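None of the values given here were measured: they were computed from a predicted structure.
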Amino acid sequence: MMRSSSEKAIRSNPKAVVLFGPTAVGKTAMTENLFSKGFEIINADSIQVYRGLDIGSAKPDPELRKKIKHHLVDIRDPWEDYNSGEFCIDAISLIHEINSRGSIPLITGGTAYYFRQLMYLPAKTPQSDPGIRKSVKEEISAKGDEWAYSYLSQVDPASAKRINSHDMYRVSRAIEVYRQTGMPLSSFSVSDKIRDDVDFAAVGLRRPKAELDKRIAMRVDMMFDMGFYDEIKRLIREGAQPSWPSMEAIGYREFFEARENPESSLRSIKESIIRNSSRYAKRQMTFFQSFSDAVFFHPEDEEGIRRYIESKLGIQLCVSTS
RNA sequence: GGAGAGGUUCCCGAGCGGUCAAAGGGGGCAGACUGUAAAUCUGUUGGCUUAGCCUUCGAAGGUCCGAAUCCUUCUCUCUCCA
């Protein structure tokens, strides 16, 4: 009986709460209040997966992690790769696992692309082959960006049309997929409808820009007070390179950039971390806003969020009044 | 007190008679997003009743058909000599 048209089949879908919002909007505080009972957290933050990047990635503290089970945090070393494809696989299996335990997964974080891939189903492109990726990169740096784009225009005109000719990140990936599969990237279709094998309640957190910027500045200050500089020094002592995937993160990469420019003070590094965070927050917001199934709340509207989740998933939240 | 350099749009900085609302960069604002996404890229950035008009290049005058660009005075900043 594989037919899934019946109500019974729909009811048997696993449930998941999805909670996203820009950096410093107040996701963690909310988590503690609304989801400390009956939930397990699936982290959807591409930096918090890395061990040793604690302060700079605003990782939930050990106390909270003891109180609520967190998944997909500290699962990689800082020189390792992790990506949206792996996230989707990990997250979907955790969604089933957590549901089978009678708990509900709370997927929360700030990596909009991970949410997009998970909720709307990832494209069926294969996992990247590091060797092919490297050789494509080398070829582009030898032959130039113009060559790359015109090559893509020949082998995959549809993708070339969609991708901006200066966007080497995407041009390179499209060429890589063609080299790897012999098929144009554009032949792998993507969905713009939310997947129907999980019941999602998608909550977006939003604050006015000025309010958010203030919190970002405060949080960066707080990170330095908490010993962020020591964290950086420790990572560098352990051999951290700007080429490590984790070191592209805001807060970390500024220190490598500062090496090139000896006049930059700790103060100016801090300022650029704040600026980059606030720009990042904006990019996150515009991405989140494109999710058709998301409902947005101010983080202080916990009552509204609770009611929305309860009615969307047909459950009751036990709210802790701490 | 003397000699020189200079004050340009939010900032830095080009322009040195018309094609200048003014290059370029920064910052701001908006957007995109097919297994690298805290990444990468795009558009926009004086005002308005927007095929046009108005206000802008330290200030005030002047020359000219026409000035950010030339002249005069004033003012402010910087460097050097006293």
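B/C41 has no base stacking with the ring of A/Y169 when judged by centroids under 5.5 angstrom apart and an interplanar angle below 30°. The aromatic ring of A/F287 sits over the base of B/C33, with ring centres less than 5.5 Å apart and planes inclined by under 30°.
Remark: A/R306 does not engage A/E302 in a salt bridge, criterion side-chain N to carboxylate O under 4.0 Å. Ion pairing of A/E63 with A/K67 is absent here, as no side-chain N (NZ or NE/NH1/NH2) approaches a carboxylate O to less than 4.0 Å.
Residue A/R162 has a polar side-chain atom (N or O) positioned under 4.0 Å from OP1 or OP2 of B/U34. The phosphate of B/A37 (OP1 or OP2) has a side-chain N or O of A/Y114 nearer than 4.0 angstrom. Side-chain N/O atoms of A/K282 include none lying less than 4.0 angstrom from OP1 or OP2 on B/G28. Residue A/R283 places at least one side-chain N or O closer than 4.0 Å to OP1 or OP2 of B/A39. In this model, the phosphate group of B/G35 is approached by a side-chain N or O of A/T125 to a distance below 4.0 Å at OP1 or OP2. Side-chain N/O atoms of A/H166 include one lying less than 4.0 angstrom from OP1 or OP2 on B/U42. Phosphate contact (OP1/OP2 of B/C33, side-chain N/O of A/R116, threshold under 4.0 Å): absent. Look at A/R133 and you'll find a side-chain N or O under 4.0 angstrom from OP1 or OP2 of B/U36.
Applying the side chain to side chain donor-acceptor pair (under 3.5 Å) rule to A/K214 yields no partners; only residues at least two apart in sequence or on another chain are considered. Here A/K233 pairs with A/D230 under the salt bridge (Lys or Arg N to Asp or Glu O under 4.0 Å) rule; sequence neighbours left out. A search for side-chain contact (heavy atoms from CB on, under 4.5 Å) contacts involving A/T23 returns A/I216, A/R219, A/Y280, A/A281, A/Q284, not counting sequence neighbours.
Closest-nucleotide positions on RNA chain B for A/Q127 and A/E248 were compared, and the one nearer the 5' end corresponds to A/Q127. Mapped onto RNA chain B by nearest heavy atom, A/R253 and A/S187 fall at different nucleotides, with A/S187 at the one closer to the 5' end.
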Donor-acceptor list for residues 83-90 of chain A side chains, cut-off 3.5 Å, not counting sequence neighbours:
from  : atom 1 : to    : atom 2 : distance (Å)
A/N83 : OD1    : A/G85 : N      : 3.0
A/N83 : OD1    : A/E86 : N      : 3.0
A/N83 : ND2    : A/E86 : OE2    : 3.4
A/E86 : OE1    : A/R76 : NH1    : 2.8
A/E86 : OE2    : A/N83 : N      : 3.3
A/D90 : OD2    : A/Y82 : OH     : 2.7

Distance-only check: which donor-acceptor pairs under 3.5 Å involve side-chain atoms of residues 236-251 of chain A, not counting sequence neighbours?
from   : atom 1 : to     : atom 2 : distance (Å)
A/E238 : OE2    : A/R234 : NE     : 3.4
A/Q241 : NE2    : A/G239 : O      : 3.3
A/S246 : OG     : A/P78  : O      : 2.8

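Spacing between B/A68 and B/C16 at atom P, rounded to whole Å, works out to 14 Å.
The separation between A/N164 atom CG and B/A37 atom P is 20 Å, rounded to whole Å. To the nearest angstrom, P of B/A37 lies 12 Å from CZ of A/R76. In this entry the distance linking CD of A/Q180 with C1' of B/G35 reads 10 Å, nearest Å. B/C33 atom C1' lies 13 Å from atom CZ of A/F288, rounded to whole Å. Atom CZ in A/F87 sits about 17 Å away from atom C1' in B/U34, given to the nearest Å.
Using a 4.0 Å heavy-atom cutoff across all strands shown, A/Y82 reaches sugar-phosphate atoms only and no base atom.
Between A/N43 and A/Q48, the side chains place a donor N or O and an acceptor N or O closer than 3.5 Å (distance only, hydrogens not considered).
The partner of B/A23, taking Watson-Crick or G-U wobble pairs whose two distances both stay under 3.5 Å, does not exist in any strand shown.
Scanning atom types as modelled, one donor and one acceptor separated by under 3.5 angstrom connect the side chain of A/R170 and the base of B/A37.
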Under 3.5 Å, which N/O atoms of the protein pair with N/O atoms of nucleotides 24-27 of chain B?
from  : atom 1 : to     : atom 2 : distance (Å)
B/G27 : OP1    : A/R279 : NH2    : 3.0

